[in-house]
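Just below is one structure, and these are the notes that go with it.
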2 protein chains.
Amino acid sequence: MKSLNKEKGIPYYLQIKEILEERIFNNIYPVNSLMPSETVLAEEFGVTRATIRNALKELKNAGLIYTEKGKGTIIKSPKIEQSLLKFYSFGREFKNSPYDIGSKVISKEKITPTLDLTEKLQVDEKSFLFKVERLRLFNSIPMILETSYIPEYIAGNIINEDLENKSIYDLLEEKYGVKIIKAKEYIEPKISDEIEANLLEIPRQSPVFYTERITLAPGNKPVELRRSIIRGDKFKFYTELY
Amino acid sequence: MKSLNKEKGIPYYLQIKEILEERIFNNIYPVNSLMPSETVLAEEFGVTRATIRNALKELKNAGLIYTEKGKGTIIKSPKIEQSLLKFYSFGREFKNSPYDIGSKVISKEKITPTLDLTEKLQVDEKSFLFKVERLRLFNSIPMILETSYIPEYIAGNIINEDLENKSIYDLLEEKYGVKIIKAKEYIEPKISDEIEANLLEIPRQSPVFYTERITLAPGNKPVELRRSIIRGDKFKFYTELY
């Protein structure tokens with residue numbers, strides 16, 4: 001748990017915003033409950049009500065709370081809003097955030113590709129791929145079930161790396177000299193099956209995103225295919241259309 | 001049903017691609033079934049096998065078919081692939097396509113906004129909105145259940161327009177002088193409820209997209225809020241990430 005650090009140089013309202021955000025994600029402030037009043041929060045943190053108001057404004061912009069006249073500030077479903085306009089990586093994006101980010105390796109193995117994988121990764125059917133299945137955790141809460149397929153010729157030893165604490169993209173770039181230039185991602189709605197629901201700790205038959213991402217190095221060379229089951233109760237995607 | 005028009009000036013392979021695509025969407029070639037062979041198709045259309053191959057390549061790129069060695073060409077689930085990188089409009093996009101596009105108005109009424117709508121559309125709680133619920137059809141198949149909220153001050157008579165055959169965006173621009181500059185869209189997975197499933201003619205509790213789009217005129221003035229239930233068995237979204 002974070003607390004306000006008055007030496008830190010980061011504006012108080014931003015620090016408070018992060019602390020409150022953490023409380024929302026950790027269910028200390030449950031969905032649909034009332035947030036403590038500005039006065040109470042100002043007293044707790046030893047700051048002015050104006051500072052609290054600025055922190056609340058940030059939370060409102062992040063879609064985590066809303067205000068209702070005569071009632072107060074109410075907690076919304078704490079969905080992480082993820083832009084679909086830029087390359088996002090769960091591991092990278094939250095690396096320097098106040099959240100405790102981690103992964104749990106569910107399985108890893110060396111396989112020969114199915115026909116579908118040979119086409120998508122542009123590899124021979126007799127070649128080898130690494131298949132890594134990881135559960136991505138956010139403050140110890142399982143958020144995404146992710147299966148990566150990486151051709152052996154791209155990263156010959158990646159299966160033995162520290163895949164619980166390191167981003168696959170970082171490993172590819174830093175250890176294997178793979179420059180990632182872009183990815184194409186498909187998004188579909190899905191109802192979680194039993195295995196997914198158990199691993200993600202959600203009720204069976206919950207709505208989830210199913211995404212398939214193909215990540216490309218220069219010359220449009222596929223370096224990874226990633227299939228993810230993303231909790232629909234924790235994430236929403238957004239895009240801007242012109 | 002379209003047929004090949006040799007006078008038309010459109011390359012044969014593109015015309016054939018559209019005809020085959022229509023057959024896939026209309027279930028004449030059902031999912032997982034084998035496509036007729038190149039020879040059979042060449043004979044049917046009176047073209048060379050090379051022309052058929054080009055048409056099939058287009059269908060493959062559109063994600064509608066795949067080839068399996070020793071088996072042939074197989075029909076994939078016919079999902080419409082929709083880019084999330086540019087402003088898309090079902091009505092506009094398919095206006096000049098070979099598909100029969102239409103809408104069925106389910107309900108239309110004048111309402112006062114909920115608190116949520118006052119914030120999102122930046123209107124007063126005592127103002128009026130038009131609420132229009134439409135089922136969007138594609139070759140008579142219901143694809144999207146769409147609820148639009150348009151402030152009365154933006155388009156005072158839009159509820160009386162021909163909303164079954166006209167795009168709301170076209171009406172706003174052409175009849176009401178509203179210039180649409182962009183939209184922000186949120187995407188979530190959802191399980192269809194009974195009403196949605198009945199209207200969309202899908203099994204109850206099917207996976208669907210739930211999207212909320214706010215459309216903006218210059219000065220970031222909201223002109224429409226649109227909530228859509230989009231069939232997950234017919235659509236997939238994609239984006240390119242850099």
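Order of the sequence lines fixes the chain letters, A, B, ..., with proteins taken first and strands second; residue numbering starts at 1 for each chain. Every value quoted in this text rests on a predicted model; they were computed, and no experiment measured them. Excluded from the calculations below are hydrogen atoms, water molecules and symmetry mates; all remaining heavy atoms, backbone and side chain alike, are included.
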Heavy atoms, side chains only, cut-off 4.5 Å: are [X] and [Y] in contact?
X         : Y         : value
Leu241(A) : Arg213(B) : yes
Tyr238(A) : Tyr186(B) : yes
Leu85(A)  : Leu84(B)  : no
Asp116(A) : Tyr66(B)  : no

| field | Toward chain B, the part of Gln82(A) with a non-hydrogen atom under 4.5 Å | value | neither
| Which answer fits Ser83(A), side chain, backbone, both or neither, if we ask what part of it has an atom under 4.5 Å from a heavy atom of chain B? | neither
| request: Any chance you could measure Phe237(A), atom CZ, to Glu188(B), atom CD, to the nearest 0.5 Å? | output: 11.0 Å
| remark: Heavy-atom closest pair (Leu115(A) atom, Thr67(B) atom, distance to 0.1 Å) is CD2-O, 3.5 Å
| query | Looking at residues at least two apart in the chain, or sitting in another chain, which of them share a side-chain hydrogen bond (donor to acceptor under 3.5 Å, both in side chains) with Glu201(B)? | reply | none
| said: Using heavy-atom distances under 4.5 Å, tell me whether Ile181(B) contacts chain A through its side chain, its backbone, both, or neither. | reply: backbone
| query | For Glu81(B), is it the side chain, the backbone, both or neither that has a heavy atom under 4.5 Å from a heavy atom of chain A? | reply | side chain
| said: Using side chain to side chain contact (heavy atoms under 4.5 Å, CB included), reason through Lys236(B) and Glu212(A) one step at a time and then give a plain yes or no. | reply: CA-CA 11 Å; Lys236(B) 74 203 283 190; Glu212(A) 184 171 289; over 6 Å; no
| query | Pick from Ser206(A), Gly232(A), Ala183(A): which one has the most heavy-atom pairs with chain B under 4.5 Å? | reply | Ala183(A)
Are more than 12 heavy atoms from other residues, nucleotides or ligands located less than 6.0 Å from atom [atom1] of [X]?
X         : atom1 : result
Lys120(B) : NZ    : yes
Ile195(B) : CD1   : no
Lys166(A) : NZ    : no

| said: salt bridge (Lys or Arg N to Asp or Glu O under 4.0 Å), that's the test. Do Lys86(B) and Glu240(A) meet it? Break it down for me. | reply: CA-CA 8 Å; Lys86(B) 59 174 176 47; Glu240(A) 286 197 28; over 6 Å; no
| said: I'd like to know if the side chain of Thr239(B) and the backbone of Glu185(A) have a donor-acceptor N/O pair within less than 3.5 Å. | reply: no
| field | Partner chain A: residue of Gln205(B), Lys190(B), Lys182(B), Glu68(B) with the largest heavy-atom pair count (under 4.5 Å) | value | Lys182(B)
| Under the side chain to side chain contact (heavy atoms under 4.5 Å, CB included) test, which residues partner Arg49(B), sequence neighbours left out? | Glu38(B), Thr39(B), Ala42(B), Arg53(B)
